[in-house]
Amino acid sequence: MLDALIPWYTTHARDLPWRAEDRTPWGVLVSEIMLQQTPVARVEPVWHAWVRRWPEPADLAKEEPGEAIRAWGRLGYPRRALRLHGAARAIVDEHDGRVPSSYEELIELPGIGDYTAAAVASFAFGHRHPVLDTNVRRVLARAVSGRRYPPNATTAAERRLAEELLPYDDAPTWSVAIMELGALVCTARAPRCRDCPLTETCAWRLAGSPEHDGPPRRGQAWAGTDRQVRGRLMAVLRDADGPVGKERLDAVWADGVQRERALDGLVADGLVEPLAQGYYRLPSGPA
DNA sequence: AAGGCGTGGCT
DNA sequence: TAGCCAAGCCT
């Protein structure tokens, strides 16, 4: 089933740098972390700058964590930068500076969960692991299960299906192909079924493209949340050369209770380092 | 296991 | 316009 995926991929794949012939495991790992919840177009320039500046895990491991956060720029979810820095240090300390190749070792690294461990093991090392990201889940929901969207949380049935479908011959190419189809054609909001190589056998199409049934899909509040305040605080610290006085942080949000809560949260998360005299900076410390 | 966690483009 | 959405992870 889904035999048309790889032929479609060979003619429609985007030319992305972390897929190039000369890709490195470190470059693949960096790309996968950056791509967590962040679109390709925003990742690409930051990825180039990152791997040029830190070509090996050891290069990043020597830096302060704050430098990683600053280089992360506006990709969002800056905890990922902190965890990537932590992963680089763990790779140096525990793996002789080389990105480990096994799923079991990869998933032990900070910021690497099931998806990213499977993706790096597959795309950097050619191993066979089901790569179950949001694109794959959506394509399988439609093409196989006849539903517009997959369940909110990944189910055992989805894992079983992904494992059953994954070929033993060149699993990584199959995985990147189904991901690419989800990203370019079988998109969430307005799928381009006319351009889809699976359209004639797609269970969702054959069922008449029914609307989503099941519990509503969870949205993410933004305006007025602590996340918005945290984002503003981090922007000030990122754009500053050195320590920042409290009064400059106080200027980003009027509600003092919420502002303090957000700042405390950033400190607790290790994203901000408090200094004496009411000054703050991006973290210099070990973690 | 449900919710927190950034950012910006697209419809 | 205001949501919706983007290669998730962690607790």
Side-chain angles (χ1 to χ4, degrees), chain A residues 9 13-14 16-19 27-47 69 72-84 86-87 106-124 129-139 148-156 162 172 175-184 186-192 212 215-239 252 258 261-262 264-266 268-272:
Chain A
Y9 180 74
R14 289 170 292 181
L16 300 174
W18 44 86
R19 292 177 183 166
V28 171
L29 172 54
V30 171
S31 79
E32 292 299 342
I33 302 286
M34 288 184 173
L35 286 163
Q36 291 169 1
Q37 303 280 282
T38 304
V40 165
R42 294 231 307 284
V43 164
E44 238 182 308
V46 180
W47 182 89
I69 293 167
W72 198 252
R74 306 189 65 81
L75 286 183
Y77 292 146
R79 297 201 277 210
R80 292 183 294 165
L82 198 57
R83 289 173 180 151
L84 181 51
L106 286 162
I107 204 168
E108 292 301 316
L109 297 172
I112 297 191
D114 173 70
Y115 161 75
T116 305
V120 173
S122 297
F123 304 144
H129 288 281
V131 177
L132 208 49
D133 80 325
T134 187
N135 290 303
V136 177
R137 296 182 62 222
R138 187 174 56 249
V139 173
R148 192 174 209 287
Y149 295 120
N152 283 336
T154 305
T155 63
S175 294
V176 75
I178 192 170
M179 285 176 65
E180 192 78 338
L181 187 74
L184 298 182
C186 194
T187 54
R189 192 100 61 103
R192 301 166 56 196
H212 176 64
R217 310 170 74 226
R218 178 163 51 99
Q220 297 191 338
W222 170 247
T225 62
D226 287 6
R227 298 165 72 190
Q228 184 180 19
V229 185
R230 287 167 59 109
R232 290 191 184 183
L233 292 169
M234 289 304 293
V236 170
L237 291 161
R238 218 168 38 225
D239 296 341
V252 308
Q258 188 177 17
R261 185 173 66 229
D264 288 348
L266 290 170
D269 290 344
L271 288 165
V272 172

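Predicted model only: the values in this text are computed from it and were never measured.
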Round to a whole Å and report the spacing from [atom1] of [X] to [atom2] of [N].
X         : N      : atom1 : atom2 : value
Leu84(A)  : dG8(C) : CG    : P     : 16 Å
Arg217(A) : dC5(C) : CZ    : C1'   : 9 Å
Arg79(A)  : dG4(B) : CZ    : P     : 12 Å
Gln228(A) : dG8(B) : CD    : C1'   : 13 Å
Arg137(A) : dC5(C) : CZ    : C1'   : 15 Å
Asp239(A) : dT7(B) : CG    : C1'   : 14 Å
Leu233(A) : dC5(B) : CG    : C1'   : 14 Å
Leu181(A) : dA7(C) : CG    : P     : 12 Å

Return no unless some side-chain N or O of [X] is found under 4.0 Å from OP1 or OP2 of [N].
X         : N       : answer
Arg230(A) : dG6(B)  : yes
Arg80(A)  : dG6(B)  : no
Arg238(A) : dT7(B)  : yes
Tyr149(A) : dC5(C)  : yes
Arg138(A) : dA6(C)  : yes
Arg83(A)  : dC10(C) : no

So which nucleotide from [options] ends up closest to the side chain of [X]?
X         : options                : result
Gln37(A)  : dG6(B), dC9(C), dT7(B) : dG6(B)
Gln36(A)  : dG8(C), dA6(C), dA7(C) : dG8(C)
Thr116(A) : dG6(B), dA7(C), dC9(C) : dC9(C)
Leu35(A)  : dC5(B), dA7(C), dG8(B) : dA7(C)
Tyr77(A)  : dG6(B), dC5(C), dT7(B) : dG6(B)
Trp222(A) : dT7(B), dG8(C), dC5(B) : dT7(B)

At under 4.0 Å between heavy atoms, what does [X] touch on the DNA or RNA strands: base, sugar-phosphate, or nothing?
X         : answer
Ile33(A)  : nothing
Asp114(A) : sugar-phosphate
Gly219(A) : nothing
Trp72(A)  : nothing
Ala188(A) : sugar-phosphate

Over all atoms of both residues, closest heavy-atom pair of Pro172(A) and Phe123(A) = O-CE2, 3.4 Å

For Asn152(A) and Pro216(A) the tightest heavy-atom approach is ND2-O, 3.4 Å

Test log, rule salt bridge (charged side-chain N to carboxylate O under 4.0 Å, His left out), inputs Glu180(A) and Arg19(A) = CA-CA 12 Å; Glu180(A) 192 78 338; Arg19(A) 292 177 183 166; 2.6 Å; yes

Please, what dot-bracket string fits DNA chain C when only Watson-Crick and G-U pairs with both distances under 3.5 Å count, crossing ones use [ ] and pairs to another strand use |?
-> .|||||.||||

Hey, does the side-chain of Arg227(A) have a donor or acceptor N/O within less than 3.5 Å of a partner on the base of dG6(B)?
-> yes

If you take atom types as modelled and just measure distance, does the side chain of Thr38(A) reach the base of dG8(B) with a donor-acceptor pair under 3.5 Å?
-> no

Position toward the 5' end of DNA chain B (nearest nucleotide), Met234(A) or Arg189(A) | Met234(A)

Quick one: CG on Asp226(A) to CZ on Arg261(A), what's the gap to the nearest 0.5 Å?
-> 4.0 Å

Any chance you could measure Trp18(A), atom CH2, to Glu32(A), atom CD, to the nearest 0.5 Å?
-> 9.0 Å

Is Met34(A) close to Trp72(A) at the side-chain level, that is, under 4.5 Å between some pair of heavy atoms?
-> yes

How should the glycosidic conformation of dA7(C) be described, syn or anti, under the criterion that syn lies within 90° of 0?
-> syn

Which comes earlier along DNA chain C counting from the 5' end, the contact point of Asn135(A) or that of Ile107(A), where each point is its nearest nucleotide?
-> Asn135(A)

Pick the nucleotide of DNA chain C nearest each of Met179(A) and Leu109(A); which residue has the one closer to the 5' end?
-> Met179(A)

Sorted by chain and residue number, the side chain to side chain contact (heavy atoms under 4.5 Å, CB included) partners of Asp269(A) (sequence neighbours excluded) come out as Arg79(A), Arg230(A), Leu271(A)

Using atom types as modelled and distance alone, determine if a side-chain donor or acceptor of [X] lies under 3.5 Å from a backbone N or O of [Y].
X         : Y         : result
Arg138(A) : Gly182(A) : yes
Ser122(A) : Ala119(A) : no
Thr116(A) : Gly113(A) : no

With [atom1] as the reference atom in both, quote the distance from [N] to [M] in angstrom, rounded to an integer.
N       : M      : atom1 : answer
dC4(C)  : dG3(B) : P     : 16 Å
dC5(C)  : dG6(B) : C1'   : 13 Å
dC10(B) : dA7(C) : P     : 15 Å

